[in-house]
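Notes follow once the structure below has been shown.
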Amino acid sequence: MLRMSTLFLRTLREDPADAEVPSHKLLVRAGLVRRVAPGVFTWLPLGYLVYRNVEAIVREEMDAAGFQEVHFPALLPREPYEATGRWTEYGDTLMRLQDRKGADFLLGPTHEEMFTLLVKGEYSSYKDLPLVIYQIQTKYRDEARPRAGILRGREFVMKDSYSFDLDDQGLQRSYDRHREAYIKTFDRLGLDYVIVSAMSGAMGGSASEEFLAPCESGEDTFVRSDGGYAANVEAVVTVPPPPKPVAEQPAAHVEDTPDTPTIDSLVALANARFPRSDRAWTAADTLKNVVLMLTYPDGRREPLVVGLPGDREVDMKRLEAQVSPAVPTPFEEADFAAYPQLVKGYIGPQALGEERGIAFRVDPRVVEGTAWITGANEAGRHVFDLVYGRDFSADGKIEAAEVRDGDPAPDGSGPLYSERGIEIGHIFQLGRKYAQALDLKVLDENGKARVVTMGSYGIGVSRAVAAIAEQHHDDKGLLWPRAVSPADVHILATGKDPAVFEAAQELAVACEDEGLRVLYDDRRGVSPGVKFNDSELLGVPTIVVVGKRLVDGQVEIKDRATGEREEVALPEALGRLVQICRG
RNA sequence: CGGGGCGUAGCGUAGUGGCUAGCGCGCUUGCUUUGGGAGCAAGAGAUCGUGGGUUCGAGUCCCGCCGCCCCGACCA
């Protein structure tokens, strides 16, 4: 039993000045955590109870799925990370340190290398596979900007598991087992979440999915529809309009359009000088050709022109996902000098295409039969009614245009809107990258060495505590789901009547005997208002008030979340509480 | 790394170059109070982030440094 009179707890009346998001404010105010350094926190007794409840649920579901728990050190030597290139790739995010001899160490940000090497040391036959092992470990990442309290710390706890399979079918099975286990885990944690594909379908189906808990404080933007579609912005596939018959389109014609280097100026001039009879020109009638320079890992640099409707901007994240591993950067003056056929502000498709040395890919909205106003490759001139499939072609389509609220969902489930979420889980088919780099092979049934294929799967355990707080609170405080709450019932003894304290104490003991977890506010000399407010701030789901109604033999049972309250005769209180808490 | 804001008691904060740095919460002692963050009285608690400078005098002005928060960049 937790007794408030002796519990190491100090609730705060005011929000801490350095906290912005609700979970950070409330976890600090309710005395669950305290900051030690930027992005580094101490768990106090009540907070640690919640944390351990979350951890226990994660562990139970991993074990239930047949995964085996191991435990690595957080302190790791440099060499394995050197082998996979991550000692340098991870950059400043890696927490590095040296021992007394000057040997390099790191505090693990994630443990792919260590798991791979562990398996390599123990297993060498296909008969040993499949294997899934996991750990619940403190991770370290020297984030450029830790923020939002527990949500994004430099030290945090993650459940990370790794699967080892001989072939792709096996990997898919391991992946699916994790997906199911994660669904059960997050359901039990009381989290509202969506599963979004973290990569474009073009790059290999469901190779990676994120579990996002929608909330305003989330850092990840995703889009969803009311019909149930949810995806990362990078993974959204554009729904193309139907093609139009090419024959119906008027012939293309070049016009003088002086001083129209921007889409706005072009649309204004088109409406003034070349008005349409049926409607006004809009930016969506123009084809904007955005030039970028792609730099490949081998250092090769090639220009890429993206043609998209003039009312859309290029979304760099979407573009990056498409051209990876090449890195796109804006085209600079020196680049224009190297490609004189690109007339800044008046670039048109007629000068583009791989056969002319400049790759040209268009937005999926550019379908056969669509007519565009676009550059004529001469300063001050544009071409009108340039029809795709008749007057120009491209080297393919590209999903690089921004996704906007109201765009249709790819699966026809309605208009998209963007929302923010906290990444609480990530399942990922790694493939053979790490096994290759660290030479993890097993002999197959033919006695031939084969590189193992892997998956990695993470749950942010400490982050989940904050995510739950984000989703379960009101203006008075926290509202813990029972599964993670530090207690089942919070019993308040109010007033100064010794009989009240006796009755409350007896009820608390009786509850505990029934297996309920009890937080008992036995503080003497503390006014009822303080106890009520603390109980609301702490957020234990069921609150029992033993107070002035005790003279009539009554106690009050309150539901913290709904505010519903009922008067119950003291002898019936225990039975009622057992019913509620096991309900 | 860029932009902005801020460092005063455990927490939240006030403080025109001029007395012993003020207030609220919390804490200690006593009395009263006890169903919505009680009252009265008496206390404890601060090298005003740090180093230098200007000045008769610096929490206050100037410069450097350190740290924190927010936005952006970055982030299996």
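Order of the sequence lines sets the chain letters (A, B, ...), proteins ahead of strands, with each chain counted from 1. These numbers were taken from a predicted model, which means no experiment stands behind them.
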Item to check | Check: Arg29(A) side chain, rG37(B) base, donor-acceptor under 3.5 Å | outcome: yes

Item to check | Gap between atoms CD and P, on Glu112(A) and rA76(B) respectively (whole Å) | outcome: 11 Å

Checklist entry - Which pair of heavy atoms, one from Met158(A) and one from Pro109(A), lies closest together, and at what distance? => result CE-O, 4.5 Å

Next on the checklist: Taking the P atom in each of rG10(B) and rG4(B), what is the distance between them to the nearest angstrom?
Outcome noted: 31 Å

Item to check | Whole angstrom value for the distance that separates P of rA38(B) from CZ of Arg523(A) | outcome: 11 Å

Next on the checklist: Distance criterion of 3.5 Å, no angle test: do you see the side chain of Asp534(A) paired donor-to-acceptor with the base of rG37(B)?
Outcome noted: yes

Checklist entry - Looking at His178(A) versus Phe67(A), is the centre-to-centre ring distance below 6.0 Å? => result yes

Checklist entry - Please give, in whole Å, the distance from rG67(B) P to Arg154(A) CZ? => result 10 Å

Item to check | C1'-based separation of rG15(B) from rC56(B) [nearest Å] | outcome: 23 Å

Item to check | Spacing of the P atoms in rU55(B) and rC68(B) (rounded, Å) | outcome: 35 Å

Checklist entry - Roughly how far apart, to the nearest Å, are rG18(B) and rG51(B) at atom C1'? => result 25 Å

Checklist entry - Distance between the C1' atoms of rU33(B) and rG39(B), in whole angstroms? => result 7 Å

Item to check | Heavy-atom donor-acceptor pair, Glu536(A) side-chain to rG36(B) base, under 3.5 Å | outcome: yes

Item to check | rG49(B) to rU32(B) separation - P atoms, rounded to the nearest Å | outcome: 43 Å

Checklist entry - For Asp15(A) and rG37(B), what is the distance between atoms CG and P respectively, to the nearest whole Å? => result 19 Å

